[in-house]
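Please read these numbers as outputs of a predicted model, since none were measured by experiment.
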Amino acid sequence: MLRVVLASSGRVATLRAASHAQRVLATSAGIPARRSGLTDAAPQQQAAFSGTAATQLRAGRVACAAAYGNVDVKGASELMQGEGYAYADVRTAEEFGGGHAPGACNVPVMLKGPAGMSPNPEFVKQFEKAFPEKTAPIVVGCLSGKRSLMAAELLSAAGYTNLKNVEGGYQAWMGAGLPVETA
């Protein structure tokens with residue numbers, strides 16, 4: 001679930017997450033597991049709507065869908081070198097061990113188990129331990145940019161305000177010939 005503020009009324013809206021994994025992670029982050037709708041002091045004024053936060057933002061229904069932006073891999077590298085951004089790699093530990101951006105910190109948003117990938121129920125708590133300052137500049141990356149987008153949404157909902165999602169993830173990082181480290 002993702003909470004946003006409606007531009008028209010200032011009421012808090014809870015939007016459906018785009019996937020089951022996002023709902024599970026949002027719930028583990030302490031965000032209520034309601035499917036959709038608006039909440040405010042006057043329940044009779046609720047107006048239901050559905051869709052992802054991005055859909056609501058494009059439609060002009062929200063003032064701010066998340067406290068993060070997107071950046072390509074070269075931009076992320078420049079932010080790390082020039083503006084002191086930290087790199088949070090949200091891939092699995094095995095993926096991280098195969099190579100990562102220099103100085104990256106690994107906090108998996110998904111865990112690999114016998115049944116495949118499943119949400120890390122401790123993700124936000126582990127991230128807060130690794131990055132306690134919620135205003136710190138952080139780029140968030142994964143393999144292709146999908147898990148990092150999910151992580152950025154969760155972290156934004158948890159109060160992180162200076163995040164950049166790395167579009168294309170580690171695959172694009174490697175494709176651009178940027179430096180890598182192995183664990």
Legend entry - Working for side chain to side chain contact (heavy atoms under 4.5 Å, CB included), residues V180 and M174: CA-CA 8 Å; V180 298; M174 293 280 294; 3.5 Å; yes
Inset, instruction - Could you pull out all residues at least two apart from Q171 that satisfy side-chain hydrogen bond (donor to acceptor under 3.5 Å, both in side chains)? - result: none
Inset, instruction - State which residues pass side-chain hydrogen bond (donor to acceptor under 3.5 Å, both in side chains) with D72; sequence neighbours excluded, sorted by chain then number. - result: none
Legend entry - Derivation of the side chain to side chain contact (heavy atoms under 4.5 Å, CB included) call for M117 and T92: CA-CA 9 Å; M117 298 290 268; T92 65; 3.6 Å; yes
What side-chain donor-acceptor pairs closer than 3.5 Å can you find for residues 140-147, not counting sequence neighbours?
| residue | atom | partner | partner atom | Å |
| --- | --- | --- | --- | --- |
| R147 | NH1 | E95 | OE1 | 2.8 |
| R147 | NH2 | E95 | OE1 | 3.3 |
| R147 | NH2 | E95 | OE2 | 3.0 |

Inset, instruction - Give the minimum heavy-atom separation between P179 and P102, together with the two atoms involved. - result: O-CD, 3.1 Å
For residues 127-137, run the donor-acceptor check on the side chains, cut-off 3.5 Å, and write out each pair with its distance to 0.1 Å, sequence neighbours left out.
| residue | atom | partner | partner atom | Å |
| --- | --- | --- | --- | --- |
| E128 | OE2 | K134 | NZ | 3.0 |
| E133 | OE2 | T135 | N | 3.4 |
| E133 | OE2 | T135 | OG1 | 2.6 |
| K134 | NZ | A158 | O | 2.6 |

Inset, instruction - Check V166 against S148 and note the closest heavy-atom contact, atom names and distance. - result: O-OG, 3.9 Å
Legend entry - A93: side chain to side chain contact (heavy atoms under 4.5 Å, CB included) partners, not counting sequence neighbours: N106
Inset, instruction - Tell me whether V71 is reachable from M150 by hopping between hydrophobic residues (I, L, V, M, F, W, Y) whose side-chain heavy atoms are closer than 4.5 Å. - result: no
Legend entry - Residues which pass side-chain hydrogen bond (donor to acceptor under 3.5 Å, both in side chains) with D89, listed by chain and number, not counting sequence neighbours: R91
Inset, instruction - Output the distance between atom CG (L163) and atom CG (L154), rounded to the nearest 0.5 Å. - result: 11.0 Å
Inset, instruction - Kindly write out the residues that satisfy side chain to side chain contact (heavy atoms under 4.5 Å, CB included) with Q126, not counting sequence neighbours, or none if the list is empty. - result: V107, N120, E122
Inset, instruction - Could you list all the ring pair (Phe, Tyr, Trp, His ring centres under 6.0 Å) pairs where at least one residue sits in residues 76-95, not counting sequence neighbours? - result: Y87-W173
Inset, instruction - Might you work through the side chain to side chain contact (heavy atoms under 4.5 Å, CB included) test for V139 and M80, ending with a clear yes or no? - result: CA-CA 8 Å; V139 293; M80 291 167 61; 4.1 Å; yes
Inset, instruction - Determine, stepwise, if the pair N162 / Y68 fulfils side chain to side chain contact (heavy atoms under 4.5 Å, CB included). - result: CA-CA 6 Å; N162 198 2; Y68 66 89; over 6 Å; no
Legend entry - Partner set under ring-ring contact (aromatic ring centres under 6.0 Å, His included) for Y170, not counting sequence neighbours: none
Legend entry - Atom pair CG (L79) and NZ (K164), whose distance is rounded to the nearest 0.5 Å: 7.0 Å
Inset, instruction - Looking only at non-hydrogen atoms, find the nearest pair between A176 and V73 and report the distance. - result: CB-CG2, 3.9 Å
Legend entry - Sequence-distant partners of E167, side-chain hydrogen bond (donor to acceptor under 3.5 Å, both in side chains), two or more places apart: none
